[in-house]
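Below, chain A is the first sequence line, B the second, and so on; all start at residue 1. This one's a predicted model, so the numbers in the text were calculated from it and none came from an experiment.
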Number of protein chains: 2
Amino acid sequence: MENTAFKEQKKFQDIFWKANETRNGICPVRDIIARISDKWSMLTIYALGGYGTLRFNEIKRLIGDVSQRMLTVTLRNLETDGLVERKVFPEVPPRVEYNLTPLGFSLLEQLVQLGGWAEQNSAAIIKNRKAQ
Amino acid sequence: MENTAFKEQKKFQDIFWKANETRNGICPVRDIIARISDKWSMLTIYALGGYGTLRFNEIKRLIGDVSQRMLTVTLRNLETDGLVERKVFPEVPPRVEYNLTPLGFSLLEQLVQLGGWAEQNSAAIIKNRKAQ
DNA sequence: ATTAATAGTTACTTTTGGTAACTCAAAATT
DNA sequence: AATTTTGAGTTACCAAAAGTAACTATTAAT
């Protein structure tokens, strides 16, 4: 009974286990979920991935509906995790440039995949919602 | 100057645009981000993907630290979007079974990829955090 | 007779997210 | 010359979301 479906199931069980197992207090998968699952992190990474180096207000304008406070918080968190690099130029008015680190770019590739799935399947999801 | 790096950049710009563009009031990518980016949706999908059909309390025990209220809310949302199917058996005590729909399984595959990335890169992220 | 199990719901509290106003100094506008 | 704008934030406040604890009904087990 070692068919492919069962092997797939085993693989997913393994992933669930990883998604739930803590090692010295931290679960890697949950930790990443927590990092990217706030409202603005993914969009910020998309913006920096798409346009390269950007200044604070350039990101803000690209995203459109993010507040200064939330963009600040988001960028600080991404910086802390080493996904985004922050360069301050001692000028007036201030000039701060952001860009993705190699780690940030590797996450971007995952998010691009996810974005592709969203594009392909959003019509089905919206249809399901309306059917309720 | 049409090198591969530039092509990649174009591709990411395209993705950012998709991640930000609204069509009749809804942005597909943001919509999906909003759906899966609550704390419990991804873990619930992982659990159902890994173990197949599960009852309410089985999911709760697998995840461990989700409250009844939040698991109920999460499952209802996933059901509304057509990612999870809910079957009620008219028994006492009540019996309700959940499992992923084909749409849910297709999302699971994306989340498994993301989980893999998390596994591979969490050590680097934790190291970056400590370096602050 | 009391306790446990199932799948929730309800009321309440805490945490997180969002809004608006404010900062500073220089450059541009009136 | 005086006001406004720009840039990158910060601070105080308020709304929304998430978490906690207690409660529901019915049956089977202790």
> Any donor and acceptor pair, going by atom type alone, linking the side chain of A:T101 with main-chain N or O of A:L83 inside 3.5 Å?
Replying inline: yes
> Between A:Y98 and D:dG7, is there a side-chain N or O to OP1/OP2 distance below 4.0 Å?
Replying inline: no
>> For A:Q68 and A:P94, find the nucleotide of DNA chain C closest to each by heavy atoms; which residue's nucleotide sits nearer the 5' end?
In response: A:Q68
> Do any N or O atoms from the side chain of B:E119 and from the backbone of B:G116 form a donor-acceptor pair under 3.5 angstrom?
Replying inline: no
>> Below the 4.0 Å mark, does C:dT6 have OP1 or OP2 next to a side-chain nitrogen or oxygen of B:R61?
In response: yes
> Are the side chain of A:N128 and the backbone N or O of A:A124 linked by a donor-acceptor pair below 3.5 Å?
Replying inline: yes
> C:dT10 P sits how many Å from B:M70 CE, rounded?
Replying inline: 16 Å
> D:dG19 phosphate, OP1 or OP2: any side-chain N/O from B:K39 under 4.0 angstrom?
Replying inline: yes
>> Measure NZ/B:K87 against C1'/C:dA7 and give the value in whole Å, please.
In response: 17 Å
>> Using whole Å, what does the distance between atom C1' of nucleotide C:dA5 and atom CD of B:E91 come to?
In response: 13 Å
> In whole angstrom, what separates B:R69's CZ from C:dT9's P?
Replying inline: 11 Å
>> From CG of A:N77 over to P of D:dG9, roughly how many Å is that when rounded to an integer?
In response: 14 Å
> Under 4.0 Å between a side-chain N/O of B:R95 and OP1 or OP2 of C:dA5, yes or no?
Replying inline: no
>> Looking at B:W40, I'd like to know whether one of its side-chain N or O atoms comes within less than 4.0 Å of OP1 or OP2 on D:dA18.
In response: no
>> Taking 4.0 Å as the cut-off, does a side-chain nitrogen or oxygen of B:R86 come that near to OP1 or OP2 on C:dG8?
In response: yes
> Roughly how many Å is it from CD1 in B:I63 to P in D:dA18, rounded to a whole number?
Replying inline: 14 Å
>> Side-chain N or O of A:R76 versus OP1/OP2 of D:dG9: is the shortest distance under 4.0 Å?
In response: yes
>> Output the rounded distance in Å from NZ (B:K60) to P (C:dA5).
In response: 12 Å
> Given atom CG of A:L54 and atom P of D:dG7, what is their separation to the nearest angstrom?
Replying inline: 13 Å
> Does OP1 or OP2 of D:dA8 have a side-chain N or O of A:R55 closer than 4.0 Å?
Replying inline: yes
>> Would A:S41 and A:D38 count as a side chain to side chain donor-acceptor pair (under 3.5 Å) here? Give the steps.
In response: CA-CA 6 Å; A:S41 287; A:D38 56 291; 2.7 Å; yes
>> Which is more 5' along DNA chain D, the nucleotide nearest A:N57 or the one nearest B:D38? Just name the residue.
In response: A:N57
> Are B:D65 and A:R30 side-chain neighbours, meaning at least one heavy-atom pair lies under 4.5 Å?
Replying inline: yes
> Nearest to the side chain of B:V96 - C:dT19, C:dG8, D:dG9?
Replying inline: C:dG8
